[in-house]
Amino acid sequence: MNIKLYELREDEKPALAEVMARVGAGDAQMASDARMAVGVRVAGDVPVGAGAASRVDDAAKPGAAPQASDAPKRGAAPQACAAPSDITIDTVPDELGLENVASAQGFDAVVISGRSAMTAEVLDRLAELGVKYLATRTVGVDHIDVAHAHELGLRVCNTGYPPEGVAEFAAMLMLIVLRRYKPTLWRQQVNDYSLGGLEGRELGRLTVGIVGTGRIGQQVARILGGFGSKVLGYDPYPSDAARAAGIEYVPLEELYRRSDVVTLHVPLTEENRGMIDAEAINQMRDGVVLVNVSRGELIDVAAVTSAIEFEKIGALAMDVFADEVGIYHESRVNDIIRNRDMAYLRQFPNVVLTPHMAFYTDTNVNSMVEQGVRGVIAMAEGPGSWASEV
Ligand code: NAD
């Protein structure tokens with residue numbers, strides 16, 4: 001099986017080497033499949049073969065690949081699968097797009113990350129080239145026209161890396177804005193240690209509304225439980241697991257009305273695009289704290305900006321931004337950046353923007369690379385063999 005892995009970052013290389021070592025040397029789930037040890041080759045400069053022994057039981061540790069007990073769609077635990085005997089992985093740092101789609105020629109599978117926009121046109125070309133499997137090393141699949149891929153018979157999976165890292169980041173953003181850390185840091189740079197205007201609020205005394213009570217939303221609720229916050233939730237598909245995590249389900253309007261902090265943990269879909277619009281904001285409490293670590297396009301940026309200007313929104317923290325591709329995860333220090341909304345919002349003392357890095361932990365990088373590679377191998381084994389197929 002020939003796999004081409006796009007968007008490989010430097011920091012992912014050790015993870016890829018470890019994945020191949022695990023796959024090649026066999027782990028608890030795949031130990032019986034001796035064929036995996038044969039013929040594994042990683043093209044390029046990624047070393048293979050090291051580290052397998054120390055990583056064999058990682059899947060059982062907290063924060064390793066999600067376990068079998070996860071929700072069925074998300075249970076991306078390493079799975080027993082009879083993998084093809086000869087696997088090659090070619091890696092490139094570039095994203096996959098229309099201009100370089102020919103580079104997928106000769107590969108059965110491609111593994112991408114969030115910057116490769118899999119439009120219908122790109123998918124058509126991939127199918128023509130004989131690519132059958134597509135894995136994204138991200139949780140979100142909004143950069144892939146999944147329906148079109150299915151029409152073409154192209155099988156797609158995402159990754160379900162552990163939710164803890166993103167959830168912790170969301171909690172951190174809440175604390176940063178509630179304790180006014182951004183203006184505090186600004187002052188410190190100029191030896192201003194005054195306290196005026198920096199009085200904070202305690203998270204444990206506030207009501208937090210979680211919109212989207214899936215894997216990350218539930219983990220945010222668990223963390224907030226430790227602080228003592230009141231946790232409300234809204235999701236069209238309420239779950240007992242979320243209730244067990246401390247979430248009290250209420251209608252969306254009630255969540256908006258009662259929450260001091262509103263945090264978004266929903267996927268970007270056509271229905272969810274712009275869901276935080278003027279109407280939604282008007283239902284929220286005056287001075288509400290809005291946190292978005294999900295996708296920038298979930299908010300109507302004009303409405304949110306206006307609500308900041310008129311102090312309806314008390315603080316905004318976002319790890320994502322509309323049209324962030326080409327800006328976030330790049331060094332653009334000498335460039336003229338064309339994203340006025342981002343530039344304007346960035347200057348407010350009560351707005352904290354981070355460059356889509358909530359996922360970015362050692363645990364998650366390992367998990368993303370591992371699940372991307374394992375995903376395409378497992379899909380090649382037949383229907384239903386990979387839990388995070390979408
Ligand atoms: P998940 O599928 O486990 O949960 C999403 C939940 O949202 C589901 O329960 C779904 O029913 C619910 N939902 C969908 N539309 C809704 C709506 N309009 N109102 C309320 N609930 C709604 O997904 P997850 O693993 O919790 O991830 C959530 C999102 O977080 C991802 O789709 C991705 O966009 C984002 N994400 C961001 C980062 C980052 O680094 N910033 C990392 C991982 C994930």
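Read the numbers this way: they start at 1 and go in the same order the structure lists the ligands and their atoms. Index from 1, following the sequence. All values below come from the heavy atoms of this structure, side chains included, with hydrogens, waters and symmetry mates left out.
- In Val166, the part holding a heavy atom less than 4.0 Å from any atom of ligand 1 is the side chain.
- Of all atoms in ligand 1, listed by their number and element, those nearer than 4.0 Å to a heavy atom of Tyr234 are 19 (N), 20 (C), 21 (N).
- Neither the backbone nor the side chain of Tyr328 has any atom closer than 4.0 Å to an atom of ligand 1 (non-hydrogen atoms only).
- For His150, there are no ring pair (Phe, Tyr, Trp, His ring centres under 6.0 Å) partners at least two apart in sequence or on another chain.
- Side chains of Asn158 and Thr136: no donor on one and acceptor on the other come within 3.5 Å.
- A donor-acceptor contact closer than 3.5 angstrom links the side chains of Asp11 and Tyr360.
- Here the shortest heavy-atom distance to atom 29 (C) of ligand 1, taken over Thr138, Leu255, Val266, Thr213, belongs to Val266.
- Evaluated by nearest non-hydrogen atom to atom 7 (O) of ligand 1, the leading choice among Pro267, Gly214, Gly160 is Pro267.
- When the heavy atoms of Asp235, Leu268, Val211 are ranked by distance to atom 6 (C) of ligand 1, first place goes to Asp235.
- Residue pairs meeting the salt bridge (charged side-chain N to carboxylate O under 4.0 Å, His left out) criterion with at least one partner in residues 231-248, sequence neighbours excluded, are Lys230-Glu248, Asp240-Arg243, Glu248-Arg258.
- Nearest-heavy-atom check against atom 17 (C) of ligand 1 across Thr354, Asn272, Thr159 picks out Asn272.
- In summary, of the residues considered (Val289, Val208, Asp260), a side-chain contact (heavy atoms from CB on, under 4.5 Å) with Met174 occurs for Val208 alone.
- For ligand 1, one of its N or O atoms has an N or O atom of Arg215 under 3.5 Å away.
- Ion pairing between Arg137 and Glu7 fails under the 4.0 Å rule for side-chain N and carboxylate O.
- For CD of Glu279, the number of neighbouring non-hydrogen atoms (other residues, nucleotides, ligands) closer than 6.0 Å is 12 at most.
- In terms of polar-atom proximity, defined here as any N/O pair under 3.5 Å, Phe359 does make such a contact with ligand 1.
- Residue Asp319 places at least one N or O, backbone or side chain, under 3.5 Å from an N or O of ligand 1.
- At a heavy-atom cutoff of 4.0 Å, ligand 1 is contacted by no atom of Glu271, backbone or side chain.
- For the residues His265, Met368, Arg295, Met275, the heavy atom positioned nearest atom 5 (C) of ligand 1 is part of His265.
- No hydrogens or angles considered: nothing links the side chains of Arg374 and Gln371 as a donor-acceptor pair under 3.5 Å.
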